[in-house]
Each structure stands twice: as C-alpha cells, then as structure tokens.
There are 2 protein chains.
Amino acid sequence: MGKTDQLEPPHHCQLCNNRPSSAFRDLNAETLDTVSQLKTCAAFKKGQVMLHEGARPQGVYCIHKGKLKFYRLGSEGKEQIVRFATNGDLVGYRSILSDEPIGASVTALEDTFACYIPKSSFFEVIDQNPKFSLNLLQDSCHELGEAGKMITSLAQKTVRQRLAEIFLVLRATFGEDHEGYLDLKLTREEIANMVGTATESAIRLISELRSEGAIHTAGRRIKIEDPSTLRDLAAVVD
Amino acid sequence: MGKTDQLEPPHHCQLCNNRPSSAFRDLNAETLDTVSQLKTCAAFKKGQVMLHEGARPQGVYCIHKGKLKFYRLGSEGKEQIVRFATNGDLVGYRSILSDEPIGASVTALEDTFACYIPKSSFFEVIDQNPKFSLNLLQDSCHELGEAGKMITSLAQKTVRQRLAEIFLVLRATFGEDHEGYLDLKLTREEIANMVGTATESAIRLISELRSEGAIHTAGRRIKIEDPSTLRDLAAVVD
DNA sequence: AGCCATAAATGATTTTTATCAGGAAGGCTC
DNA sequence: GAGCCTTCCTGATAAAAATCATTTATGGCT
C-alpha cells in the first residue's frame, strides 16, 4: 500500500538533476553508486498517502518530482499542515534518525515520483560519508528555524496576517507558473489547515485580499498581485 | 557582554555529570580531552541574555547548570517562547550549523553556568567524531518533532487547552521540587508568552484551573494537583 | 457534455480572546 | 521594614474568529 510499482525508468543518482540541491549534494561517486543500486522507484498519485502519522518507516524517500504536504491530525481530526516537500527533498529521515514514530503524515498534492532508500542503506551512507550526516544536520537545523518562525506567527499574528504571510511563503517555496500563478493548487480547506483557522474564515479573508487587489484568484489558482501589500499586512520581520 | 568571567572552577568534561544525557554522550576520551582544553566557563545571572536573536554566535554553550528560555520577538515586540534549555543541553549550534543568524534569543531564567566552546573547536569535534554529529542530528530531529506538536497545538487548540498542556510539558521537562511544585518559576507574562495569548487571558485561565482544583498556585510557584484533568482538558493525543 | 459530489461562498450568530482600565498584592532595593 | 515598582488580578468592552446553516459554483468523472 502506498508505494506503487515502478512507473518511471530507474536512473542513476549521479545523473539526477535534483542532486545539487538535495542532502546527497556532497556524496562521493562511490557512495552514490551504492545508493543508486539499492534504491527503488515509487510513484504516488495525487491524494495518495506516502507515510502515515505514527508509523515506523523502513526507509526514506527522495522526491524526484512532485509536491507533498506534511500534516498532523489534531484532536478534532483536523489536519494541520506543518510543511511541504518537493523535488530533491528527503522524506522520512527525521523519524528514522530520532527513532520515533512518524510525527506527520505525508500526502502527495500532485502525482509524485520518488526514490525509496531502505533504512539499512540509508545508515550505510551515513557511516560511509560523514559529510552526508552533516548536510542532513544542516538541513534539519534550517527546518528548526523555520518551525520557530511558524510558531511565532501562529501564536502572535491574526489569521489575516498569517494568510498574507502564507501566500508569500508559498511563492518562495514553489514559485510561479508562466502566468504568474502560484505553482501549487490547494483547496481553501488546505489553506485554512496551513494558516490554522476554520475553512470559512480562510475563504472570507481570501475574498477580502482579492477585493483589496493584493491577490487574484481563478478557482484554485492564486496569483500574487501586490507582494508589498502582503508583506506589510503580514508584518514580516525577517 | 553576555559572557561573564569564570565564576566556577573549570572541570574536565570527562567528569561532567551531564555528559551521558548531552550530545557529547558518545565522544571518545581523546576528543573529550580536546574539548575540555578549549572550552571556557561562563556564568549568566538570572535575566541575563546569553544570545541575541539575529546575532552570529562564535561558539556554542553547553549548559552545566541552569535554565534558559529561547524566544523570538514578534512584530509587536512580544516575546514568543519557543523552547527551553537546561543541564546538558547545547545552545547555539543550530545557527552555526545552518550558517544562519540566531533565530531566537536565549535568556537565563535562573543563575546559570555554562561551558563555552568556540566555533572552530566545535567543528573540530564534528570532524574528528562522526558519532557526535549523528547525535546532534538525532537531537535536532527530535526537536523538529516537538516543534511540529507545538505548531499543531497553537493552530488548533484553545488557549485553555494549551495552558493545560503547557503545565504538563513543564513538569515533564523540569520536574517537581520536594513539595511537588514545578521546578521552575515563571511570571504570568512568560506563561502567556509560551501559550501564545495575552497576559490577562493567561491569568484568568490560570485562576480557573486553580478554582477547578487542577492546579495549585503560591505566587509564581505552581503545583499540578490533578494531572489527569489537565490531560483531558488538553486533549493530549500522543 | 452533463452529472454529481465536493468545494466555495455568504449570512447570521455565538464563542473566544484581546484590549483597556483600575486596583491589590507581591517582591526587591535601599 | 518602608517605599516603590512590577506583577497580578478583576471587570467592562470591543474585536476576532468559530460555528451553523444555506446557497452557489466547480471540477472530476463517465
């Protein structure tokens, strides 16, 4: 379940376009070869769950192409989106390294291809290549900083401010398509689940931002019209 | 500034009681020796700032004895406490490793003694001892999990629920003194800054919990009378 | 292309939380 | 230990956000 059969031709990590921006960026050719041989390919359709909160993953996924959301289920069963993953990101390593159950479910926001690296191979790479764990360390320290920002934002900003902020964050993370729309489609509910508010509230505030000219929407496609208004609104400090 | 002169006799890391629970837990004798020789001692009085948000630390602190709060300043200048540190915790390494400015200020909640390890020595240890960076990685992955919990809590729970939760978290982190009071004194404002609410709201809700018999307060000293009521209230999932 | 389920939008209302204001108590300094 | 400043507490009010109820629109599917 979850992992489907190989849909993409498996290719060598050495040739992967994502490598420079991934945790594998500094792996030597030899280790890279080991990984390449031990990995398998996995495809996830839009909406499909990659990892389940509370589970014990037996390996990590390296996202080849796609977009995923990480979310925790609150006491009322409401999703709280805590972060995203896309090309080059490693998924599932946190749980394996801290030896704890997975803290957040991971679901594909669009059709996604990933490479699966079994736990044992993953640890092998860590042992063989100290630079690798250092890169992971770097990445997770960066994530910790982002989490701190999110905490402060949730604790101190109004829903309106957080909403404005989220659009800027999404643009920075996923970029824009050729028409200037955010390169990511989310339902209003998912937006609410990021911002930490009720779906209705999110809808109302999105309409407000739209009528104020800060953003433009076409169904689920969202275009940022006026970034500086959003920045002012969000009271972005850093 | 910040770091004061040596007030404690510098002792060898090998003999440090905190070592088993610190990131140095698996260091070999040789590396430990290097660290010991390069570290200096630092003392911080209650209320003194150890690290300033936005700064570039030139080393890391290993807390020998004391308690500190990590906090970010929101747009309105309001403190948001994001986590704590106590005996055996390493402070400042996140910023050094991700090569970013410090994300949160760190201030002593009580008189604190720490060992200061310069950046260069810190990296030396990392290079010499791969197990060390793996431990750090483990710790930061654990922290990431905690941050995710905090995010969900802030986004989905009411202030009342978060307050109940915080008391349980504080007990788990700092324990109780011989009389059963939390071994940590915080102002109502600091509690509000953890929970992410106005000071007045925190005060009101603390009074409620007290009159409901869930907690007992004596000035800034707080005793948990009825953990299960708090757990129910907080709707703790995991 | 049309149908159906799902999502989005909007209004009315309640609940929660913040803000403002004033007074009481506590803790720290001299 | 007197005095003072900070923190704590309480009440009143305002603002923000959640909830509930319906209508309208949309996008996914056959």
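Letters A, B, ... are given to chains in the order of the sequence lines, protein chains preceding strands, and every chain is numbered from 1.
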Within less than 4.0 Å of OP1 or OP2 of [N], is there a side-chain N or O belonging to [X]?
| X | N | result |
| --- | --- | --- |
| B:T197 | C:dA18 | yes |
| B:S207 | D:dC9 | no |
| B:R221 | C:dG27 | no |
| B:R188 | D:dC9 | yes |

Legend entry - Comparing A:G196 and A:A218 on DNA chain D - which has the more 5′ nearest nucleotide: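 Upstream on the strand: A:G196.
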
To the nearest angstrom, how far is [X] atom [atom1] from [N] atom [atom2]?
| X | N | atom1 | atom2 | answer |
| --- | --- | --- | --- | --- |
| B:L154 | C:dT16 | CG | P | 18 Å |
| B:E208 | C:dT16 | CD | P | 10 Å |
| A:I215 | C:dA8 | CD1 | P | 13 Å |
| B:I222 | D:dT7 | CD1 | C1' | 14 Å |
| B:L186 | D:dC8 | CG | C1' | 15 Å |
| A:R160 | D:dA16 | CZ | P | 10 Å |
| A:K185 | C:dA8 | NZ | P | 12 Å |
| A:R162 | D:dA16 | CZ | P | 13 Å |

Inset, instruction - Specify the residue among B:K46 and B:A202 whose closest nucleotide of DNA chain C lies further upstream toward the 5′ end. - result: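 It is B:A202 whose nearest nucleotide is closer to the 5' end.
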
Legend entry - Residue mapping more 5' on DNA chain C - nearest nucleotide basis, B:L205 or A:I203: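 Taking each residue's closest nucleotide, the earlier one in sequence belongs to A:I203.
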
Kindly say whether, by distance alone, the side chain of [X] makes a donor-acceptor pair under 3.5 Å with the base of [N]?
| X | N | result |
| --- | --- | --- |
| B:E200 | D:dC9 | no |
| A:R204 | D:dT19 | yes |
| B:R220 | C:dG27 | no |

Legend entry - Nearest-nucleotide pick for B:S201, side chain only, options being D:dA18, C:dT19, C:dA7: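 It is C:dT19.
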
Inset, instruction - Measure from the side-chain heavy atoms of A:T187 and tell me the nearest of C:dA8, D:dT10, C:dT17. - result: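 For the A:T187 side chain, the nearest candidate turns out to be C:dA8.
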
Inset, instruction - Tell me what B:T158 touches on the nucleic acid: a base, only sugar-phosphate, or nothing, going by heavy atoms under 4.0 Å. - result: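 Sugar-phosphate contact only - B:T158 comes under 4.0 Å of backbone atoms but never of a base.
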
Inset, instruction - Have a look at B:G219 and say if it touches a base, only the backbone sugar-phosphate, or nothing, with a 4.0 Å heavy-atom cut-off. - result: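 Result for B:G219 = nothing.
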
Legend entry - Derivation and outcome, side chain to side chain donor-acceptor pair (under 3.5 Å), residues B:E212 and B:T229: CA-CA 9 Å; B:E212 287 161 15; B:T229 296; over 6 Å; no

Legend entry - Any B:L170 side-chain heavy atom under 4.5 Å of B:I224 side chain: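 Not in contact.
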
Inset, instruction - Would you please classify the geometry between the A:Y61 ring and the A:Y116 ring as parallel, tilted or perpendicular, with 30° and 60° separating the classes? - result: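 The rings of A:Y116 and A:Y61 sit tilted, inter-plane angle from 30° to 60°.
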
Inset, instruction - Please determine if A:E100 and A:R94 form a salt bridge, counting it only when a charged side-chain N lies under 4.0 Å from a carboxylate O. - result: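 Looking at A:R94 together with A:E100, the answer is yes, because their closest N to O distance falls below 4.0 Å.
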
Legend entry - Note: A:E146-A:R83 ion pair, threshold 4.0 Å (strictly below):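 No, no charged N to carboxylate O under 4.0 Å.
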
Legend entry - Over 12 non-hydrogen atoms of neighbours within 6.0 angstrom of CD in B:E179: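 Result for CD/B:E179: enclosed.
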
